[in-house]
Student: 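Quick one: the structure is below, and I'll ask about it shortly.
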Amino acid sequence: MSETIGLVFIITGLAFDFLGCLGLVRLPDLYNRLQASTKCVTFGTCGIMVGIFIMNGFTGMGIKALLCAVFLLLTAPVSAHAIARAAHIAGFKLWEKSVCDKYQEDKGKG
Amino acid sequence: MKSRILSFILSLIAWLILTWSVDWQHLLIGLLASIFVSWAVGDLFTENPWKFKDPKRYLWAVYYIIILIWEMIKANLDVAYRVVHPGIPIKPGIVKVRTKLKSDAALTYLANSITLTPGTFTIDIDKENGFLYIHWINVVSEDIDKATEVIVQKFERILEKIFE
């Protein structure tokens with residue numbers, strides 16, 4: 001039973017990982033690509049980790065997988081934030097159909 | 001000093017969970033590593049150790065994690081839909097939102113939660129004035145109040161109870 005549930009989690013995770021990579025290729029600029037990669041890849045990888053935990057239960061391997069998921073959730077947003085901020089400061093333009101850029105406006109003032 | 005003791009206890013717990021076996025070898029290495037970590041981190045870990053004593057904060061944290069996971073599932077389905085849709089229906093932009101939170105920990109968690117949820121991620125924080133700059137994959141409103149209401153408020157209410 002737990003084998004099946006774990007497999008379902010792992011397959012869902014893989015599907016989200018795949019969608020994240022697809023977004024990385026299809027979306028127009030760096031910021032939108034970061035959206036796809038941070039959300040879908042974090043969630044997908046966490047799904048795989050939870051699947052491993054469900055399959056193995058409270059053993060060394062299962063607990064380590066769960067801890068991996070927690071650390072991933074804590075660190076992935078930080079790296080995304082760092083990349084986006086660095087890109088913006090380096091003058092990387094938004095996609096031309098973007099609606100607004102309040103950050104650029106405020107930086108211009110300061 | 002209290003901050004160091006707290007970081008020592010937390011890193012020891014993390015170590016014990018990671019090894020998942022209690023014998024003296026693991027425990028000895030864990031103790032040494034935790035002492036080193038708490039020494040290296042110093043007083044940076046928390047400014048107000050008394051906040052850890054209040055059990056209500058932990059209950060709110062559990063509630064917060066449930067809300068966050070639910071929002072993450074919605075976010076992922078939303079972004080996945082935008083990715084597979086042939087027309088790529090996105091309308092990106094960087095908006096500015098307001099926040100009432102003041103402490104470093106609360107702001108960190110707010111920024112991280114925003115990054116993990118529907119089509120938004122934090123680019124920069126202006127701590128003095130309490131502004132966040134957020135890249136939004138589907139801009140609903142450029143207005144600062146409306147954007148604050150949509151993006152920030154559902155997390156802010158709970159984080160206020162946990163960290164402030």
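Numbers restart at 1 for each chain; the letters A, B, ... are given by sequence-line order, proteins then strands.
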Student: Would A/Leu67 and A/Phe9 show up in the same hydrophobic cluster when neighbours are defined by side-chain heavy atoms closer than 4.5 Å?
Tutor: yes

Student: With only heavy atoms counted, which part of B/Ala111 is less than 4.5 Å from chain A, the side chain, the backbone, both or neither?
Tutor: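 Contact with chain A: none, neither part.
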
Student: Is there a side-chain contact (heavy atoms from CB on, under 4.5 Å) between B/Ile123 and A/His81? Walk through the geometry before answering.
Tutor: CA-CA 5 Å; B/Ile123 289 189; A/His81 155 75; 5.6 Å; no

Student: Taking A/Met49 as the starting point, is it possible to reach A/Met55 by hopping between hydrophobic residues whose side chains are less than 4.5 Å apart?
Tutor: no

Student: Per the side-chain contact (heavy atoms from CB on, under 4.5 Å) rule, which among B/Thr108, B/Ile114, B/Asn112 passes with A/Pro77?
Tutor: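 Answer to the side-chain contact (heavy atoms from CB on, under 4.5 Å) test with A/Pro77 among B/Thr108, B/Ile114, B/Asn112: B/Asn112.
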
Student: Chain A heavy atoms under 4.5 Å from B/Ile73: which part of the residue, side chain, backbone, both or neither?
Tutor: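 Both parts, backbone and side chain.
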
Student: Can you hop from A/Leu7 to A/Ile5 via hydrophobic side chains spaced under 4.5 Å?
Tutor: no

Student: For the CZ atom on B/Phe8, are there more than 12 heavy atoms of other groups (residues, nucleotides or ligands in this structure) within a distance under 6.0 Å?
Tutor: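 Yes, because the 6.0 Å sphere around CZ of B/Phe8 holds more than 12 heavy atoms from other groups.
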
Student: Are B/Trp39 and B/Ile5 linked, directly or through other ILVMFWY residues, by side chains that come within less than 4.5 angstrom of each other?
Tutor: no

Student: Name the region of A/Leu22, side chain, backbone, both or neither, that has any atom closer than 4.5 Å to a heavy atom of chain B.
Tutor: both

Student: If hydrophobic clusters are built from ILVMFWY residues whose side chains come within less than 4.5 Å, do A/Ile48 and B/Ile69 share one?
Tutor: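 In one cluster with A/Ile48: B/Ile69, no.
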
Student: Give, as side chain, backbone, both or neither, the part of A/Val70 having an atom under 4.5 angstrom from any heavy atom of chain B.
Tutor: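 Contact with chain B: none, neither part.
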
Student: Please classify the contact between A/Leu74 and chain B as side chain, backbone, both or neither, with a heavy-atom cut-off of under 4.5 Å.
Tutor: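 Both parts, backbone and side chain.
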
Student: Using a 4.5 Å heavy-atom cutoff, which residues in residues 11-21 of chain A come close to chain B?
Tutor: A/Phe16, A/Leu19

Student: Let me see the working for A/Leu73 and B/Met72 under side-chain contact (heavy atoms from CB on, under 4.5 Å), right down to the final yes or no.
Tutor: CA-CA 11 Å; A/Leu73 277 180; B/Met72 268 179 71; 3.9 Å; yes

